[in-house]
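Count residues from 1 along the sequence. Just so it is clear, the model here is predicted, and its values are computed rather than measured. All values below were derived from every heavy atom in this structure, side-chain atoms included, with hydrogens, water molecules and symmetry-related copies excluded.
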Amino acid sequence: MSFTPLRNDRLIKALLRQPTDTTPVWIMRQAGRYLPEYREIRKQAGSFLDLCKNKELACEVTLQPLRRFDLDAAILFSDILTIPDAMGLGLYFSEGEGPKFERPLRSQADIEKIGVPDPGESLRYVTDAVTLIRQELDGKVPLIGFSGSPWTLSTYMVEGGSSKDYRFVKGMMYNNPKALHQLLDTLASSVTAYLNAQIEAGAQAVMIFDTWGGVLSPECYRDYSLNYMQQIVSQLKRSHDGQTIPVTLFTKGGAQWIEATADTGCDAIGLDWTINIDEARQRVGNSVALQGNMDPCTLYASPEIITAAVKKIITDFGAHDGHVFNLGHGIHPTVNPDHLAVVVDSVHKYGHQIRQTKI
């Protein structure tokens, strides 16, 4: 299938550390509950999972933020738990409690029952949505595909949902590392197949969200999280239809490991707000692009304070190639959408200004 060529390729260029006219910006969870138009579609869908599995509605909510804001990318509306759902663990969402699984994996015998889902079958609704979104974007901005990391997916699958202490998955990590490694290996193969299917369907960049990597010790992070992300990176389609497909790795709480993350072969590292972006750039040099990294709670401040925070991050990064502006994690549901407009406009304004210093 042929798609309209990109008219705005700032994101792709920045992820590949190429010059851009200004800093590109997109926002994690930019299609979500802070938008009243999203809440209306969510009601229409009946449930969050039904919304994810309806390609027309998933396409609609993916496009909603682009109608409000001058964003430089769309990101597929989906959920990181699509893979474990396709494995038959009985994903459901409890109001106010987040995701849960009817059949968590608590033993090696449980783990041996699952296999790698076929993206063309049990996850076809995702790839169909990717293709539809890419068609509807009509070359306006690139489309980002994504997945959860093997470690992050395993935390939900073993715990049976969200956790504060990770006692089941960490208990398995210490008591039965063979079982956890078997699960992570299956998940790495699953994520690889899933992201490659998204690329074939039309995703122009991909991102791996390691939301809970930061709860691990340095040694365990390398063994149980980073090694599996590196395995995925090495097996991803890095070009499709003559275009380079950049890959971004994001570990929340992972600032201490960015040098090792850069060595995985990824194109970009997502940063949370716990590290200054200038320090991060000094530590990894020009080996990777950097994405981030404003504290999401800054959006509760006044427009003047938000503007100053944006300017500081862009100034701290400097007139270098390879910066994609983003929050350090997802936008909060109670944020005023007008405040996000301040972010987007300020990024483009100061990103353009700082590039003039190179001329």
J.: Under 4.5 Å between any side-chain heavy atoms of Pro333 and Arg29, yes or no?
T.: no

J.: Considering residues at least two apart in sequence or located in another chain, which fulfil the side chain to side chain contact (heavy atoms under 4.5 Å, CB included) criterion with Asp85?
T.: Lys53, Leu91, Tyr125

J.: Near Arg283 CZ, under 6.0 Å, is it more than 12 heavy atoms from other residues, nucleotides or ligands?
T.: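 Correct, the count exceeds 12.
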
J.: Assess, by modelled atom type and distance only, whether the side chains of Gln231 and Asn227 contain a donor and an acceptor separated by less than 3.5 Å.
T.: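 Result is no, nothing qualifies.
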
J.: Any heavy-atom pair between the side chains of Val347 and Ile313 that's under 4.5 Å?
T.: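 No; the side chains remain at least 4.5 Å from each other.
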
J.: Any donor and acceptor pair, going by atom type alone, linking the side chain of Gln353 with main-chain N or O of Tyr350 inside 3.5 Å?
T.: no

J.: Hey, any chance Leu184 and Val233 share a hydrophobic cluster, counting ILVMFWY side chains that come within less than 4.5 Å of each other, even indirectly?
T.: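 Leu184 clusters together with Val233.
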
J.: Do side-chain atoms of Thr298 reach the backbone of Met294 as a donor and acceptor pair under 3.5 angstrom?
T.: no

J.: For residues 33-42, which residue pairs qualify under salt bridge (charged side-chain N to carboxylate O under 4.0 Å, His left out), counting only residues two or more places apart or in two chains?
T.: Glu37-Arg68, Glu40-Lys43

J.: Should Asp278 and Gln282 be marked as a side chain to side chain donor-acceptor pair (under 3.5 Å) after you check the CA-CA gap, both sets of side-chain angles, and the distance that decides it?
T.: CA-CA 6 Å; Asp278 178 46; Gln282 290 182 43; 2.9 Å; yes

J.: Using the six-membered ring wherever Trp is involved, compare the ring planes of Tyr34 and Phe69 and label them parallel, tilted or perpendicular (cut-offs 30° and 60°).
T.: parallel

J.: Can you sort out the partners of Thr4 under side-chain hydrogen bond (donor to acceptor under 3.5 Å, both in side chains), two or more places apart, ordered by chain and number?
T.: Asp138

J.: Tell me which pairs pass salt bridge (charged side-chain N to carboxylate O under 4.0 Å, His left out) where either residue lies in residues 140-153, with sequence neighbours left out.
T.: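 Residue pairs with at least one partner in residues 140-153: there are none.
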
J.: Is there a side-chain contact between Leu123 and Asp118 (heavy atoms, below 4.5 Å)?
T.: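 Not in contact.
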
J.: Out of curiosity, Ile114 CD1 to Leu187 CG, how far, rounded to the nearest 0.5 Å?
T.: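 Taking CD1 in Ile114 and CG in Leu187, the distance rounds to 6.0 Å.
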
J.: Step by step, work out the ring pair (Phe, Tyr, Trp, His ring centres under 6.0 Å) result for Phe77 and Tyr38.
T.: CA-CA 11 Å; Phe77 179 80; Tyr38 168 85; 5.7 Å; yes

J.: Is there a side-chain contact between Glu304 and Thr307 (heavy atoms, below 4.5 Å)?
T.: no

J.: Going by side-chain contact (heavy atoms from CB on, under 4.5 Å), Asp210 matches just one of Phe250, Tyr221, Tyr228. Which one?
T.: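 Answer after filtering Phe250, Tyr221, Tyr228: Tyr221.
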
J.: How many angstroms lie between CZ in Phe209 and NZ in Lys252, if you round to the nearest 0.5 Å?
T.: 13.0 Å

J.: Taking atom SG of Cys59 and atom CD1 of Ile133, what is their separation to the nearest 0.5 Å?
T.: 5.0 Å

J.: For Ile75, is there any backbone N or O sitting under 3.5 Å from a side-chain donor or acceptor partner on Trp26?
T.: no

J.: Do Ile277 and Val344 belong to the same hydrophobic cluster, where Ile, Leu, Val, Met, Phe, Trp and Tyr are linked whenever their side-chain heavy atoms lie under 4.5 Å apart, directly or via other members?
T.: yes

J.: With a 3.5 Å distance limit and no angle check, can you tell me whether Asp72 reaches the backbone of Val25 through a side-chain donor-acceptor pair?
T.: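 Pair found, side chain donor or acceptor close to backbone of Val25.
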
J.: When you check the side-chain N and O atoms of Gln204 and Gln243, is any donor under 3.5 Å from an acceptor?
T.: no

J.: Tell me every residue that passes side-chain hydrogen bond (donor to acceptor under 3.5 Å, both in side chains) with Asp110, counting only those two or more places apart in sequence or in another chain.
T.: Ser107

J.: Could you measure the distance from the CG atom of Leu6 to the CG atom of Asn8? Nearest 0.5 Å is fine.
T.: 7.5 Å

J.: Quick one, Asn326 with Met28, criterion side chain to side chain contact (heavy atoms under 4.5 Å, CB included). Give me CA distance, side-chain angles, the key distance, then yes/no.
T.: CA-CA 7 Å; Asn326 210 314; Met28 287 188 272; 3.9 Å; yes

J.: Taking Arg134 for the side chain and Gly202 for the main chain, is one N or O donor matched with an acceptor at less than 3.5 Å?
T.: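 Confirmed, Arg134 side chain pairs with Gly202 backbone.
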
J.: Distance check, rounded to the nearest 0.5 Å: Glu136 atom CD versus Glu56 atom CD?
T.: 9.5 Å

J.: What do you reckon, is CD of Glu219 surrounded by more than 12 foreign heavy atoms closer than 6.0 Å?
T.: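 Incorrect, the count does not exceed 12.
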
J.: Answer yes or no: is there a side-chain heavy-atom contact under 4.5 Å between Val343 and His339?
T.: no

J.: With a 4.5 Å cut-off on side-chain heavy atoms, are Met157 and Pro104 touching?
T.: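 Answer no - side chains too far apart.
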
J.: Taking the side chain as every heavy atom from C-beta outward, state whether Arg106 and Phe168 have any pair of such atoms under 4.5 Å apart.
T.: yes

J.: For Lys100, give me all partners under salt bridge (charged side-chain N to carboxylate O under 4.0 Å, His left out), at least two apart in sequence or on another chain.
T.: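 Applying salt bridge (charged side-chain N to carboxylate O under 4.0 Å, His left out) to Lys100 gives Glu97.
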
J.: Please list, chain by chain and in numerical order, all residues satisfying side-chain hydrogen bond (donor to acceptor under 3.5 Å, both in side chains) with Thr23, sequence neighbours excluded.
T.: Arg355

J.: Is a side-chain donor or acceptor of Lys311 paired with a backbone partner of Ile306 at a separation under 3.5 angstrom?
T.: no

J.: Ser163 side chain to Tyr166 main-chain N or O, any donor-acceptor pair under 3.5 Å?
T.: yes

J.: Apply salt bridge (charged side-chain N to carboxylate O under 4.0 Å, His left out) to Glu159 and list each qualifying residue two or more places apart in sequence or on a separate chain.
T.: none

J.: Return the set of residues passing salt bridge (charged side-chain N to carboxylate O under 4.0 Å, His left out) with Arg238 (not counting sequence neighbours), or none when no residue passes.
T.: Asp267

J.: Report, as yes or no, whether the 6.0 Å neighbourhood of atom NZ on Lys13 holds more than 12 heavy atoms from other residues, nucleotides or ligands.
T.: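 Open: at most 12 neighbouring heavy atoms sit under 6.0 Å from NZ of Lys13.
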
J.: Taking side chain as C-beta onward, heavy atoms only, is Arg281 less than 4.5 Å from Leu290?
T.: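 Sidechains of Leu290 and Arg281: in contact.
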
J.: Do side-chain atoms of Gln291 reach the backbone of Ile269 as a donor and acceptor pair under 3.5 angstrom?
T.: no

J.: How would you list, by chain and number, every residue that makes a side-chain hydrogen bond (donor to acceptor under 3.5 Å, both in side chains) with Gln235, sequence neighbours excluded?
T.: none

J.: Can you list the residues that meet the side chain to side chain contact (heavy atoms under 4.5 Å, CB included) rule with Arg124, with sequence neighbours excluded?
T.: Thr127, Asp128

J.: Between Asn176 (side chain) and Met172 (backbone), is there a donor-acceptor pair under 3.5 Å?
T.: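 No.
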
J.: Verify the distance criterion only: is there a donor paired with an acceptor across the side chains of Ser149 and Thr152 at less than 3.5 Å?
T.: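 Indeed, the side chains of Ser149 and Thr152 share at least one donor-acceptor pair under 3.5 Å.
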
J.: Give a yes or no on whether the ring-centroid distance for Phe101 and Tyr156 is below 6.0 angstrom.
T.: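 No: the rings miss the under 6.0 Å criterion.
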
J.: Could you state the interatomic distance from CZ (Phe93) to SG (Cys52), rounded to the nearest 0.5 Å?
T.: 6.5 Å

J.: Checking ring pair (Phe, Tyr, Trp, His ring centres under 6.0 Å) for the pair His181/Tyr224: CA distance, chi angles, key distance, verdict?
T.: CA-CA 7 Å; His181 279 300; Tyr224 291 92; 4.5 Å; yes

J.: Would you mind telling me which of Thr22, Thr20, Asp21 makes a side-chain hydrogen bond (donor to acceptor under 3.5 Å, both in side chains) with Arg10?
T.: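 Single side-chain hydrogen bond (donor to acceptor under 3.5 Å, both in side chains) partner of Arg10 among Thr22, Thr20, Asp21: Asp21.
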
J.: For the backbone of Gly253 and the side chain of Asp272, can you confirm whether one donor and one acceptor N or O come within less than 3.5 Å of each other?
T.: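 Yes; judged by distance alone, with no hydrogens or angles, the pair exists.
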
J.: Sequence neighbours excluded, which residues qualify as salt bridge (charged side-chain N to carboxylate O under 4.0 Å, His left out) partners of Lys312?
T.: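 With neighbours one apart ignored, the set is Asp316.
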
